[in-house]
Asker: 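Sending over a structure as C-alpha coordinates; questions will come in a sec.
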Amino acid sequence: MKNKIITVSHPLVQHKLTILRDKSTTPANFRKVLEELSILLTYEVTRDLPLSTKKISTPICDITAPTLAEENLILISILRAGNGILDGMLKIFPTAKVGHIGLYRDPETLEAKEYYFKIPKESKNQDMIVLDPMLATGHTAVAAISKLKENKPKSLKFVCILASPEGVEVINKSHPDVTIYTASIDEGLNEHAYIVPGLGDAGDRIYGTT
Ligand code: URA
(Lines give C-alpha, C1' and ligand atoms only; values in the text may rest on other atoms or scores of the structure.)
Protein backbone atom coordinates (compact mmCIF):
# COMPACT_ATOMS: atom_id res chain seq x y z
CA MET A 1 0.00 0.00 0.00
CA LYS A 2 1.21 3.55 -0.73
CA ASN A 3 0.17 6.67 1.11
CA LYS A 4 -2.50 8.69 -0.47
CA ILE A 5 -1.05 12.18 -0.89
CA ILE A 6 -3.37 15.06 -1.52
CA THR A 7 -1.63 18.21 -2.77
CA VAL A 8 -4.11 21.05 -2.56
CA SER A 9 -3.52 23.08 -5.71
CA HIS A 10 -6.36 25.57 -5.22
CA PRO A 11 -5.18 29.07 -6.35
CA LEU A 12 -5.93 30.62 -2.96
CA VAL A 13 -3.84 27.97 -1.22
CA GLN A 14 -0.94 28.49 -3.63
CA HIS A 15 -1.18 32.28 -3.34
CA LYS A 16 -1.06 32.15 0.46
CA LEU A 17 1.78 29.64 0.39
CA THR A 18 3.88 32.10 -1.59
CA ILE A 19 3.29 34.73 1.10
CA LEU A 20 4.49 32.24 3.73
CA ARG A 21 7.58 31.37 1.70
CA ASP A 22 8.56 35.05 1.28
CA LYS A 23 11.18 35.87 3.89
CA SER A 24 9.95 39.48 4.09
CA THR A 25 6.60 38.33 5.55
CA THR A 26 6.43 39.48 9.19
CA PRO A 27 5.55 37.01 11.99
CA ALA A 28 2.19 38.78 12.46
CA ASN A 29 1.30 38.37 8.80
CA PHE A 30 2.78 34.86 8.71
CA ARG A 31 0.44 33.77 11.55
CA LYS A 32 -2.57 35.37 9.87
CA VAL A 33 -1.90 33.83 6.46
CA LEU A 34 -1.03 30.44 7.99
CA GLU A 35 -4.38 30.49 9.78
CA GLU A 36 -6.20 31.31 6.52
CA LEU A 37 -4.29 28.60 4.65
CA SER A 38 -5.09 26.10 7.39
CA ILE A 39 -8.79 26.89 7.06
CA LEU A 40 -8.56 26.22 3.32
CA LEU A 41 -6.75 22.92 3.91
CA THR A 42 -9.39 21.90 6.47
CA TYR A 43 -11.95 22.09 3.69
CA GLU A 44 -10.08 19.29 1.85
CA VAL A 45 -9.14 17.30 4.93
CA THR A 46 -12.74 17.06 6.14
CA ARG A 47 -14.24 16.36 2.71
CA ASP A 48 -15.09 12.75 3.61
CA LEU A 49 -16.82 13.45 6.92
CA PRO A 50 -20.12 11.57 7.02
CA LEU A 51 -23.37 13.51 7.03
CA SER A 52 -26.69 12.67 8.62
CA THR A 53 -29.86 14.72 8.54
CA LYS A 54 -31.99 16.62 11.00
CA LYS A 55 -35.34 18.31 10.87
CA ILE A 56 -35.26 22.09 11.09
CA SER A 57 -37.59 24.93 10.30
CA THR A 58 -36.42 27.71 8.01
CA PRO A 59 -38.38 30.97 8.20
CA ILE A 60 -40.31 29.61 5.20
CA CYS A 61 -40.98 25.91 5.89
CA ASP A 62 -39.89 22.70 7.62
CA ILE A 63 -37.13 20.64 5.98
CA THR A 64 -34.84 17.71 6.61
CA ALA A 65 -31.35 19.14 6.18
CA PRO A 66 -27.78 17.74 6.19
CA THR A 67 -25.65 18.00 9.30
CA LEU A 68 -22.38 16.39 10.36
CA ALA A 69 -23.00 12.87 11.68
CA GLU A 70 -20.30 13.33 14.33
CA GLU A 71 -18.43 16.38 15.50
CA ASN A 72 -15.78 14.70 17.57
CA LEU A 73 -12.61 14.98 15.52
CA ILE A 74 -9.35 14.97 17.43
CA LEU A 75 -6.68 17.42 16.26
CA ILE A 76 -3.14 16.64 17.36
CA SER A 77 -0.68 19.51 17.22
CA ILE A 78 3.00 18.66 17.07
CA LEU A 79 4.60 21.40 19.14
CA ARG A 80 5.35 24.07 18.58
CA ALA A 81 4.71 24.85 14.93
CA GLY A 82 1.62 22.61 14.75
CA ASN A 83 -0.21 25.25 16.77
CA GLY A 84 0.01 27.57 13.75
CA ILE A 85 -2.27 25.16 11.83
CA LEU A 86 -4.40 24.30 14.87
CA ASP A 87 -5.68 27.85 15.33
CA GLY A 88 -7.19 27.94 11.82
CA MET A 89 -8.68 24.47 12.06
CA LEU A 90 -10.36 25.23 15.37
CA LYS A 91 -11.93 28.33 13.85
CA ILE A 92 -14.05 26.24 11.51
CA PHE A 93 -14.19 23.08 13.60
CA PRO A 94 -14.67 24.46 17.11
CA THR A 95 -16.00 21.20 18.58
CA ALA A 96 -12.78 19.32 17.83
CA LYS A 97 -10.83 18.06 20.79
CA VAL A 98 -7.13 18.81 20.86
CA GLY A 99 -4.03 16.88 21.81
CA HIS A 100 -0.41 18.03 21.88
CA ILE A 101 2.78 16.13 21.28
CA GLY A 102 6.15 17.70 22.04
CA LEU A 103 8.95 16.30 19.96
CA TYR A 104 12.28 17.84 19.14
CA ARG A 105 14.81 16.86 16.54
CA ASP A 106 18.08 15.68 18.02
CA PRO A 107 20.53 17.92 16.12
CA GLU A 108 23.11 15.11 15.88
CA THR A 109 20.99 12.13 14.86
CA LEU A 110 17.98 14.08 13.50
CA GLU A 111 15.86 11.50 15.39
CA ALA A 112 12.65 12.63 17.15
CA LYS A 113 12.70 12.75 20.97
CA GLU A 114 9.43 13.08 22.89
CA TYR A 115 9.18 15.58 25.77
CA TYR A 116 5.38 16.07 26.05
CA PHE A 117 2.31 13.97 25.32
CA LYS A 118 -1.25 14.90 26.24
CA ILE A 119 -4.25 13.80 24.21
CA PRO A 120 -8.01 13.63 24.95
CA LYS A 121 -8.97 10.64 27.14
CA GLU A 122 -11.53 9.17 24.78
CA SER A 123 -9.37 8.91 21.69
CA LYS A 124 -9.97 5.21 20.96
CA ASN A 125 -11.88 4.70 17.72
CA GLN A 126 -11.90 8.43 16.91
CA ASP A 127 -10.70 10.23 13.77
CA MET A 128 -7.37 11.92 14.41
CA ILE A 129 -5.70 14.62 12.34
CA VAL A 130 -2.02 15.25 13.05
CA LEU A 131 -0.76 18.78 12.37
CA ASP A 132 2.80 19.86 11.61
CA PRO A 133 3.53 22.56 8.99
CA MET A 134 6.76 20.94 7.80
CA LEU A 135 7.12 17.28 6.79
CA ALA A 136 10.93 17.30 6.46
CA THR A 137 12.84 14.12 7.40
CA GLY A 138 9.58 12.49 8.48
CA HIS A 139 11.11 11.21 11.76
CA THR A 140 8.95 13.44 13.95
CA ALA A 141 5.80 12.56 12.03
CA VAL A 142 6.51 8.82 12.20
CA ALA A 143 7.24 8.98 15.94
CA ALA A 144 4.04 10.95 16.59
CA ILE A 145 1.88 8.65 14.45
CA SER A 146 3.36 5.50 16.05
CA LYS A 147 2.61 6.82 19.53
CA LEU A 148 -0.92 7.88 18.56
CA LYS A 149 -1.68 4.49 17.03
CA GLU A 150 -1.21 2.94 20.51
CA ASN A 151 -4.55 4.65 21.29
CA LYS A 152 -6.25 2.79 18.43
CA PRO A 153 -7.77 5.72 16.49
CA LYS A 154 -10.39 4.95 13.84
CA SER A 155 -8.43 6.91 11.23
CA LEU A 156 -5.33 9.05 11.09
CA LYS A 157 -4.53 11.84 8.65
CA PHE A 158 -1.43 14.02 8.50
CA VAL A 159 -1.66 17.68 7.52
CA CYS A 160 1.34 19.82 6.63
CA ILE A 161 1.94 22.98 4.63
CA LEU A 162 5.09 21.69 2.93
CA ALA A 163 6.36 18.16 2.43
CA SER A 164 9.70 16.87 1.20
CA PRO A 165 9.81 13.76 -1.02
CA GLU A 166 12.07 12.19 1.64
CA GLY A 167 9.51 12.81 4.39
CA VAL A 168 6.70 11.38 2.31
CA GLU A 169 8.79 8.26 1.66
CA VAL A 170 9.61 7.83 5.37
CA ILE A 171 5.92 8.03 6.37
CA ASN A 172 5.04 5.70 3.52
CA LYS A 173 7.44 3.02 4.80
CA SER A 174 6.16 3.08 8.38
CA HIS A 175 2.53 4.18 8.00
CA PRO A 176 1.22 3.56 4.47
CA ASP A 177 -2.36 3.81 5.78
CA VAL A 178 -2.01 7.52 6.64
CA THR A 179 -3.25 10.06 4.09
CA ILE A 180 -1.02 13.14 3.80
CA TYR A 181 -2.47 16.57 2.95
CA THR A 182 -0.09 19.32 1.86
CA ALA A 183 0.02 22.55 -0.12
CA SER A 184 3.24 21.48 -1.89
CA ILE A 185 5.79 18.72 -2.22
CA ASP A 186 9.04 20.66 -2.47
CA GLU A 187 12.36 19.71 -4.09
CA GLY A 188 14.03 18.07 -1.10
CA LEU A 189 16.10 18.69 2.02
CA ASN A 190 19.35 20.61 2.44
CA GLU A 191 22.29 19.47 4.59
CA HIS A 192 20.55 20.85 7.72
CA ALA A 193 17.37 18.90 6.94
CA TYR A 194 15.48 22.07 5.99
CA ILE A 195 12.99 21.88 3.16
CA VAL A 196 14.15 23.51 -0.12
CA PRO A 197 12.90 26.00 -1.23
CA GLY A 198 10.67 25.76 1.86
CA LEU A 199 9.81 28.67 4.11
CA GLY A 200 12.53 28.39 6.74
CA ASP A 201 11.90 27.30 10.32
CA ALA A 202 8.12 27.33 10.70
CA GLY A 203 8.20 27.84 14.49
CA ASP A 204 10.60 30.76 14.15
CA ARG A 205 8.51 32.31 11.38
CA ILE A 206 5.31 31.97 13.46
CA TYR A 207 6.71 33.26 16.74
CA GLY A 208 9.43 35.62 15.52
CA THR A 209 12.20 33.74 17.30
CA THR A 210 14.85 34.03 14.60
N1 URA B 1 11.24 22.27 10.16
C2 URA B 1 11.04 23.54 9.75
O3 URA B 1 10.49 24.36 10.48
N4 URA B 1 11.46 23.89 8.52
C5 URA B 1 12.08 23.02 7.69
O6 URA B 1 12.41 23.39 6.58
C7 URA B 1 12.26 21.70 8.15
C8 URA B 1 11.83 21.36 9.39
Side-chain angles (χ1 to χ4, degrees), residues 3 5-8 13-41 45 75-89 99-117 129-148 157-175 178 180-210:
N3 293 99
I5 302 188
I6 296 178
T7 305
V8 183
V13 168
Q14 295 305 314
H15 175 80
K16 288 177 193 298
L17 176 57
T18 297
I19 297 172
L20 296 184
R21 288 189 192 278
D22 188 338
K23 68 178 185 184
S24 70
T25 300
T26 62
N29 204 29
F30 192 95
R31 284 194 296 274
K32 175 177 162 289
V33 175
L34 178 57
E35 183 175 305
E36 292 165 356
L37 181 41
S38 305
I39 289 171
L40 295 170
L41 290 182
V45 176
L75 305 177
I76 305 286
S77 167
I78 299 184
L79 297 173
R80 64 186 161 147
N83 283 357
I85 302 183
L86 178 66
D87 293 344
M89 287 212 163
H100 291 92
I101 302 185
L103 292 156
Y104 69 91
R105 253 196 316 186
D106 185 303
E108 301 295 316
T109 63
L110 301 182
E111 292 293 326
K113 303 257 189 242
E114 183 185 310
Y115 64 89
Y116 187 78
F117 186 83
I129 303 176
V130 184
L131 315 174
D132 188 350
M134 311 300 275
L135 174 56
T137 63
H139 296 145
T140 304
V142 164
I145 293 166
S146 299
K147 178 91 192 219
L148 290 167
K157 294 173 177 171
F158 185 86
V159 179
C160 57
I161 303 297
L162 294 180
S164 72
E166 296 91 328
V168 168
E169 188 58 35
V170 165
I171 294 194
N172 190 38
K173 279 215 178 94
S174 305
H175 301 293
V178 172
I180 300 171
Y181 294 80
T182 186
S184 169
I185 301 179
D186 274 10
E187 286 163 26
L189 299 175
N190 68 13
E191 66 278 21
H192 305 293
Y194 277 87
I195 295 177
V196 180
L199 52 74
D201 185 295
D204 284 345
R205 298 290 310 277
I206 295 167
Y207 298 113
T209 45
T210 41

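Any value given below was found using the heavy atoms of this structure, including those in side chains, with hydrogens, waters and symmetry copies removed. For ligands, and for the atoms within them, numbers begin at 1 and follow the listed sequence.
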Asker: Show the nearest heavy-atom pair for residues G88 and S38, with the distance to one decimal.
Answerer: CA-CB, 4.2 Å
Asker: Who's the nearest protein heavy-atom neighbour of atom 2 (C) of ligand 1, and how far?
Answerer: M134 CG, 3.5 Å
Asker: Which atoms of ligand 1 are found less than 4.0 Å from any heavy atom of A202?
Answerer: 2 (C), 3 (O)
Asker: Charged N to carboxylate O under 4.0 angstrom, K32 versus E36?
Answerer: yes
Asker: Donor-acceptor check, side chain of E187 to backbone of I195, threshold 3.5 angstrom: yes or no?
Answerer: no
Asker: To the nearest 0.1 Å, how far is atom 6 (O) of ligand 1 from its closest protein heavy atom, and which atom is that?
Answerer: I195 N, 2.8 Å
Asker: For a quick test of reading the model, state the closest non-hydrogen atom pair linking V168 to A163 and the distance between them.
Answerer: CG2-CB, 4.0 Å
Asker: Would you confirm whether E166, through its side chain, and L189, through its main-chain N or O, come within 3.5 Å as a donor-acceptor pair?
Answerer: yes
Asker: Determine whether any heavy atom of G200 lies closer than 4.0 Å to an atom of ligand 1.
Answerer: yes
Asker: For atom 5 (C) of ligand 1, which protein heavy atom lies nearest, and how many Å away is it?
Answerer: Y194 CD2, 3.3 Å
Asker: Ion pair present between R80 and D204, side-chain N to carboxylate O less than 4.0 angstrom?
Answerer: yes
Asker: Examine ligand 1 and decide if any of its atoms is less than 4.0 Å from a heavy atom belonging to A193.
Answerer: yes
Asker: For ligand 1, which atoms have a heavy atom of A136 less than 4.0 angstrom away?
Answerer: 7 (C), 8 (C)
